[in-house]
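Take a look at the structure set out below.
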There are 2 protein chains.
Amino acid sequence: MKGKAITIKDIAKLVGVSVSTVSRALKDHPDISLETRDAVKSVAMSMNYRPSQVAVSLRLKQSKVIGVLLPKIYSFFFPSVVNGIEEVVNEYGYHLMILQSNELYQKEINNTNILLANNVEGVLATVSRQTKDYSHFENILDAGIPMVFFDRVPDNVMADMVLIDDTEGAYKAVKHLIERGRRKIAICIGNPEMLISVNRLKGYKKALAEYKIPFNDEYLISAETPEHAATQTSRLLGLKQPPDSIFAISDLTMSGIVQEIYRRKLRVPEDVALIGFCETIFCKMYNPQLSSITPLGLEIGRQAARRLFLRIFSSNNHNIKPQTIFLNSRLEIRDST
Amino acid sequence: MKGKAITIKDIAKLVGVSVSTVSRALKDHPDISLETRDAVKSVAMSMNYRPSQVAVSLRLKQSKVIGVLLPKIYSFFFPSVVNGIEEVVNEYGYHLMILQSNELYQKEINNTNILLANNVEGVLATVSRQTKDYSHFENILDAGIPMVFFDRVPDNVMADMVLIDDTEGAYKAVKHLIERGRRKIAICIGNPEMLISVNRLKGYKKALAEYKIPFNDEYLISAETPEHAATQTSRLLGLKQPPDSIFAISDLTMSGIVQEIYRRKLRVPEDVALIGFCETIFCKMYNPQLSSITPLGLEIGRQAARRLFLRIFSSNNHNIKPQTIFLNSRLEIRDST
DNA sequence: ATCGTTACCGCAATCGATTGCGGTTAATAA
DNA sequence: TTATTAACCGCAATCGATTGCGGTAACGAT
């Protein structure tokens, strides 16, 4: 900021009125005569005046900024969520401060502090994989700042949550495989401690149970990177009774699985049927295109943001009961099943 | 902000000193005695004091925020750039305000105003497809705020630019195809008016010329969406002399091309060799994996951010000559060629 | 006893915008 | 002519932190 921006004071001097008059004129306060208003406005216009959001933020605590806490923007899923958030946030004239934790607990704490220091008016968050303690989020809530969690949510924080019904989604995926005649169905989850893994595994088991297929723990693998998924898949396919289908609960691990299947020159879906839990656009990039449960990141972002603004604009935010919104994910059948 | 945050004033009252003393004590000003310093600090700590970044920003014009202007975060390329930017920006204790234009000129103008109103200390930008006039960027520069453009850059703004050497990259890609024995090489560009299209096309022609292969404008298609690319590809493959290889200059259009090739049950690379201009991770998702020129988004982000901080921390920003940095993209040979 | 230092600390202005309250002018009523 | 009352507008405090400058106390030196 060298070429100092022009302020309300500059306008006041030029028009020959006080700063208070300028301030009021600019927002059509009835106390100010029409001529004065016009004079102020035209000068403001000609000087290319831009009100300092920072000053407003200090004075009124209205920063027009929503904080977003993410593990990693460089992924398949989060950019679409961010898109949904932006869509809504822009409607209200707000914008985003996006902070990533890189899945680190300490970084997540720092990030909450940064948001607090910047007077954000609301926070949307997905917790990192490392996070077990949620007290840093309480700081935000205690400051009276509305929060909505999405996707990976904490289990004992009094705030709104927006997430996909993982159990239901996984259930639909596996049921679909069964209906296609598969019986030896493997599942690749992520970190077994994560709720997302737990729930999707639950849906998997539910579908098996419904068709009286016994659960075989040799068919359960866990991976957090494509490479890891590939080696795990290799083990799977080397079994005496290799699976005839695989359900992968994440985009990233699916790519590893596909790699390994290609490497072994197996056919999809003839030898192995595949179904993922991933964004549409990525499923379409494979050959054959993957059937999938799409988590609808866009929709998650929208809903979370809407819920947040409901609180921001409510006079008695604290009287609104925290709510958990489950979104149904959609089964999209393509060529891999 | 209901549960009002605690301020320097609260600490002052509790310790029994003035606010100025607290301010100085917190930053180890030598004027303040050690006991006072410790007293202030311990109280600050126990009250969980967090300095208001907003107040500092107003007073000192140090917002610790870097603005990022993007067409669309939901893409293949930009998240990786953002990652690179974040990496550097965090080193310096800064964070990002990311604004997307959705390729709309008017939105881009609004976004520059938002950044200005928020006292950002620097701006990193990629221009939208619609943008022909760059005067809104001049506003930022005139305010004394350093700017670095990356990827899609304007052609007549006095600012730093960081971009990949498109011509060289395309040249390497096409040369690679030729060396693999291909002669009927098609190219799919984006909007023909965009510099990126122009330059990559230039590299394509350069490689052809080097091997004395005449340019055939039937082999030149242009698309901005996967769907559009698919129909264009269909036309290509329906030619009397269909191409034996296709070079696609963007991730998105490549996906459309691949779709169409799959649909026609053509083999890659036997019938049609493919080479893209895309991020590694996406190339690996195809079957077969795509050879590619990788634009190294991460590296672009890093370099742009570094260049920006060079200006931010220099006392005479305006004396540093604007510089255009070309990054070499890397040829990664996989299975599609 | 007086002056000079040094060591510490507070006053008050400042950044830019907002707003309660009080003041001035002019018009109108009595 | 005087009191009343709109109609307009300005003063000054405020948000939270920073900082130039001035002030006080304690100490030693002369």
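Residue numbers start from 1 in every chain, and the chains themselves are labelled A, B, ... in the order their sequence lines are given, proteins ahead of strands.
- Here the P atom of nucleotide D/dG16 and the NZ atom of B/K13 are 11 Å apart, to the nearest Å.
- Straight-line distance from the CD1 atom of A/I8 to the C1' atom of C/dT19: 11 Å, rounded to whole Å.
- With hydrogens and angles ignored, a donor-acceptor pair under 3.5 angstrom links the side chain of A/R24 to the base of D/dG10.
- Proximity of B/T21 to the phosphate of C/dC8: no side-chain N or O atom is located under 4.0 Å from OP1 or OP2.
- Using a cut-off of 4.0 Å between Lys/Arg side-chain N and Asp/Glu carboxylate O, A/D31 and A/R24 are scored as not salt-bridged.
- A/E86 has no carboxylate O lying under 4.0 Å from a charged side-chain N of A/R302, or vice versa, which leaves the two without a salt bridge.
- One interatomic measurement links the two molecules: NE2 of A/H29 to P of D/dC8, which rounds to 12 Å at whole-angstrom precision.
- Between the side chains of B/S63 and B/Q53, not a single donor N or O lies within less than 3.5 Å of an accepting N or O.
- Rounded to whole Å, the distance from CG on B/L26 to P on D/dT19 is 13 Å.
- Considering only side-chain N and O atoms, A/K27 lies nowhere under 4.0 angstrom from the phosphate OP1 or OP2 of C/dA17.
- For the pair A/Q62 CD and C/dT19 C1', the interatomic distance rounds to 13 Å; values are reported in whole Å.
- For the pair B/V19 and B/L58, both in contact range of DNA chain C, the more 5′-proximal nearest nucleotide belongs to B/V19.
- Ring pair B/F309/B/Y92 is parallel by interplanar angle, where below 30° counts as parallel and above 60° as perpendicular.
- Between A/I6 atom CD1 and C/dA17 atom C1' the separation is 13 Å, expressed in whole Å.
- Looking at A/R59, its side chain has no donor and acceptor atom pair within 3.5 Å of the base of D/dG16.
- Positionally, the nearest nucleotide of DNA chain C for B/V22 lies more toward the 5' end than for the other of A/R50 and B/V22.
- Contacts of B/V54 with the nucleic acid, taken as non-hydrogen atoms under 4.0 Å apart, are absent.
- Of the side-chain N and O atoms in B/K61, none sit less than 4.0 angstrom from OP1 or OP2 of C/dC15.
- At the heavy-atom level, B/S33 lies under 4.0 Å from the strands shown only through sugar-phosphate atoms.
- Taking 3.5 Å as the limit, the base of D/dC8 and the side chain of A/D31 contain no donor-acceptor pair of atoms between them.
- Whole-Å rounding puts the B/I32 CD1 to C/dT6 P distance at 18 Å.
- As judged by a 4.0 angstrom heavy-atom cut-off over every strand, B/S20 is placed among the base-contacting residues.
- Residue side chain A/S52 does not reach the base of C/dC15 through any donor-acceptor N/O pair under 3.5 Å, judged by distance alone.
- No engagement by A/S57 is indicated, since no non-hydrogen atom pair under 4.0 Å with the nucleic acid exists.
- With respect to B/K132 and B/E193, a salt bridge is recorded, a charged nitrogen being found less than 4.0 Å from a carboxylate O.
- Using a 4.0 Å heavy-atom distance criterion, B/V17 is classed as a sugar-phosphate-only contact.
- Spacing between atom CG of B/N119 and atom P of C/dC15 amounts to 13 Å, rounded to whole angstrom units.
- When the shell of 6.0 Å around CE of A/M158 is examined, it contains 12 or fewer heavy atoms from other residues, nucleotides or ligands.
- For the pair A/S18 and D/dG10, the criterion of a side-chain N or O lying under 4.0 Å from OP1 or OP2 is met.
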